[in-house]
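Data first, discussion second: the structure below is written as structure tokens.
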Amino acid sequence: MSEETRNQEAAANVENNETVEATETVESTVPVASNEEEVTSQEGLEIISLKKGDTVKGTIVKIEDNQAYVSIGYKYDGVIPIRELSSVQLDNAAAAVEVGQEVECKVVSINDNKESLVLSKRAVDSEKSWEDLEKYFASQEAFEVTVADVVKGGLVADVGARGFIPASMVERHFVEDFSDYKGRTLRVKVKELDRENSKVILSAKEVLEEEFEANKQKIMSELSEGQIIEGTVQRLTQFGAFVDVGGVDGLVHVSEIAWNHVEKPSDVVSEGDKVRVKVLKVDPEKGKISLSIKAAAPGPWDSAAGKINIGDVVTGEVKRLVNFGAFVELLPGVEGLVHISQISHKHIGTPHEVLKEGQEVQVKVLDFNPSEKRVSLSIKETEEAPAPTARPERRESRDRAPKEVLNNPNVSLSNEGLSFTLAERFGDKLDKFKGNN
């Protein structure tokens with residue numbers, strides 16, 4: 001074969017090869033859409049290179065109790081163990097992520113021979129969170145957290161790191177049982193921060209205190225003395241009741257709970273009761289509000305007019321004893337005075353001789369003046385007066401001269417008869433005395 005012939009065959013072979021390659025190229029661009037996606041995916045996978053410590057983004061595709069599977073575009077899915085999902089302890093993986101959620105993770109380990117790719121969401125979250133926590137700590141800005149667990153001594157929240165809220169920093173008031181706090185959202189501030197020791201102390205109480213003070217000042221600025229409003233009894237003490245009037249507590253002193261005497265507040269009201277109160281005093285500087293329940297209700301003297309009438313005989317209770325008499329309560333908050341002279345038919349030195357406080361007595365209304373809040377009462381007027389005792393007869397003296405008989409013509413008990421008799425008896429002597437002179 002000549003050299004020219006060999007060159008012609010080689011050219012023919014090259015042309016045939018180019019035609020085959022072109023045909024294969026065309027055919028490879030014609031597959032259905034699904035095959036096209038697989039090719040694209042495979043091409044993408046071929047250029048991905050992973051190593052320990054890399055940060056990758058992916059989507060949660062499957063969740064089991066103790067781990068979550070993540071698709072990151074690699075030739076096989078990565079796994080996030082439950083301990084690498086959050087900085088706090090979880091009961092199951094679903095508590096931290098959900099299918100379809102996009103996450104950013106760090107490669108913990110990779111083994112293509114075993115198709116093992118372990119990822120950590122916690123590591124990425126922690127790095128980002130410390131930057132945010134330092135900003136919150138510096139500015140003391142409040143932010144929201146979700147309570148992940150209830151532990152001895154307080155609450156735990158996932159803030160990228162393990163955030164601890166001591167029991168004393170949860171509420172403004174004492175809380176005995178925190179079992180229902182898990183899952184709650186709280187607004188907190190960073191109180192302590194130690195990155196080296198991974199220590200984050202949070203406080204919800206401080207946020208609540210600030211919100212309370214701001215609301216308190218607003219409420220107090222809107223209150224005025226004499227105003228009547230509704231409130232809720234929050235706490236009871238020996239000296240009074242604290243009533244919530246729109247987020248702020250005011251004190252109702254025990255003497256302002258009812259018109260009648262109250263021994264202790266719990267005898268009249270209970271926690272949770274809705275009450276009407278009258279504002280007695282507002283002191284923004286001291287943050288104190290004085291309230292009255294009794295002043296918001298009609299006074300006992302206002303309604304006593306139709307219940308007490310002069311001449312009525314009613315039953316009352318002796319409330320107080322004084323030297324000049326006894327005060328008897330006829331209606332709650334309505335007391336009348338029984339003067340010492342109206343206590344008994346017999347003479348007494350003090351009311352204590354016949355009466356005692358707390359004793360029930362029958363009294364008669366002698367006078368009633370509701371406008372002056374005055375009632376005059378009598379106990380003895382309800383009792384029958386004792387019969388007068390007979391006086392003993394006087395014994396006449398032995399040497400006393402006998403009485404003259406009344407019909408003696410020489411004796412008269414009248415002034416006129418007495419004068420006439422004396423004139424007759426001494427007249428002659430007087431005449432002789434004048435003649436001698």
Side-chain angles (χ1 to χ4, degrees), residues 88-89 91 133 136-137 140-159 161-194 199-220 223 229-257 262-275 277 281-293:
V88 299
Q89 185 176 352
D91 295 330
L133 289 171
Y136 285 131
F137 183 60
Q140 284 298 290
E141 180 184 351
F143 59 99
E144 291 186 348
V145 298
T146 300
V147 177
D149 200 5
V150 178
V151 297
K152 183 178 180 180
L155 309 176
V156 174
D158 184 2
V159 290
R162 183 181 184 274
F164 181 62
I165 310 174
S168 61
M169 296 185 182
V170 177
E171 298 285 356
R172 294 180 58 246
H173 56 273
F174 173 75
V175 178
E176 185 174 357
D177 184 12
F178 288 99
S179 58
D180 62 341
Y181 274 69
K182 187 173 182 178
R184 284 195 191 183
T185 299
L186 303 177
R187 285 175 53 78
V188 298
K189 281 188 174 185
V190 180
K191 296 304 298 175
E192 293 184 37
L193 198 62
D194 186 347
K199 182 180 179 181
V200 182
I201 304 297
L202 308 173
S203 173
K205 180 179 178 179
E206 186 165 329
V207 177
L208 294 174
E209 289 283 8
E210 290 181 356
E211 292 175 349
F212 172 78
E213 286 300 325
N215 183 61
K216 184 176 182 179
Q217 293 300 319
K218 178 178 180 296
I219 295 297
M220 294 183 74
L223 292 177
I229 53 180
E230 290 189 353
T232 304
V233 179
Q234 292 292 332
R235 291 185 294 122
L236 298 178
T237 64
Q238 287 295 324
F239 56 84
F242 287 92
V243 178
D244 183 346
V245 287
V248 180
D249 288 349
L251 175 63
V252 179
H253 190 267
V254 65
S255 63
E256 292 294 335
I257 290 179
V262 176
E263 189 68 28
K264 55 182 184 294
S266 58
D267 292 339
V268 182
V269 294
S270 303
E271 292 182 0
D273 285 354
K274 302 291 184 181
V275 293
V277 292
K281 186 178 180 180
V282 180
D283 191 339
E285 292 184 1
K286 295 182 178 180
K288 293 183 178 180
I289 304 172
S290 299
L291 306 171
S292 173
I293 294 176

Note: Glu210-Lys189 ion pair, threshold 4.0 Å (strictly below): yes

Under 4.0 Å between a side-chain nitrogen and a carboxylate oxygen: does that hold for Glu209 and Arg172?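 Judged by the 4.0 Å cut-off on N to carboxylate O distance, Glu209 and Arg172 do form a salt bridge.
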
Atom pair [atom1]/[atom2] of [X] and [Y] - distance to nearest 0.5 Å:
X      : Y      : atom1 : atom2 : value
Ile201 : Asp194 : CD1   : CG    : 10.0 Å
Leu236 : Ser270 : CG    : OG    : 7.0 Å
Ile219 : Asp244 : CD1   : CG    : 9.0 Å
Glu171 : Phe178 : CD    : CZ    : 7.5 Å
Leu193 : Phe137 : CG    : CZ    : 6.0 Å
Glu206 : Glu211 : CD    : CD    : 11.5 Å

Taking all non-hydrogen atoms of both residues into account, name the closest pair between [X] and [Y] and its distance.
X      : Y      : answer
Val254 : Val262 : CG2-O, 3.6 Å
Gly183 : Thr146 : O-CG2, 3.8 Å
Arg184 : Asp180 : NH2-OD2, 3.2 Å
Lys288 : Met220 : O-CE, 3.6 Å
Phe164 : Gly153 : CZ-O, 3.6 Å
Leu202 : Gly163 : CD1-CA, 4.1 Å

Set of residues satisfying side-chain hydrogen bond (donor to acceptor under 3.5 Å, both in side chains) with respect to Ser266, sequence neighbours excluded: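 If we apply the side-chain hydrogen bond (donor to acceptor under 3.5 Å, both in side chains) test to Ser266, skipping adjacent residues, there are no hits.
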
Candidate pair Leu223 and Ile229, rule side chain to side chain contact (heavy atoms under 4.5 Å, CB included), full reasoning: CA-CA 9 Å; Leu223 292 177; Ile229 53 180; 3.8 Å; yes

Go through Lys199 and Glu192 one step at a time and tell me if the salt bridge (Lys or Arg N to Asp or Glu O under 4.0 Å) criterion holds. CA-CA 7 Å; Lys199 182 180 179 181; Glu192 293 184 37; 3.3 Å; yes

Do [X] and [Y] have side chains that approach each other closer than 4.5 Å (heavy atoms only, starting at C-beta)?
X      : Y      : result
Val243 : Asp249 : no
Val145 : Asp158 : no
Val156 : Arg162 : yes
Leu251 : Leu291 : no
Ser168 : Val170 : no

Among residues at least two apart in sequence or on other chains, which ones pass salt bridge (charged side-chain N to carboxylate O under 4.0 Å, His left out) with Asp267?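 Applying salt bridge (charged side-chain N to carboxylate O under 4.0 Å, His left out) to Asp267 gives Lys264.
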
Restricting to salt bridge (charged side-chain N to carboxylate O under 4.0 Å, His left out), what partner residues turn up for Lys218, sequence neighbours left out?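 Checked Lys218 against salt bridge (charged side-chain N to carboxylate O under 4.0 Å, His left out); matches are Glu222.
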
Can you check side chain to side chain contact (heavy atoms under 4.5 Å, CB included) on Val233 and Phe242, steps first, answer last? CA-CA 6 Å; Val233 179; Phe242 287 92; over 6 Å; no

Using the six-membered ring of Phe143, assess whether NZ or CZ of Arg187 lies under 6.0 Å from its centre and within 45 degrees of the ring axis. no

Under 3.5 Å, is there a donor-acceptor pair between the side chain of Lys182 and the main chain of Val147? no

Short question: side chain of Gln140, backbone of Val190 - any donor-acceptor pair under 3.5 Å?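 Yes; at least one donor-acceptor contact below 3.5 Å.
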
Donor-acceptor pair between Lys274 and Thr232 side chains, under 3.5 angstrom: yes

Please say whether more than 12 non-hydrogen atoms of neighbouring residues, nucleotides or ligands are located less than 6.0 Å from CD in Gln217. yes

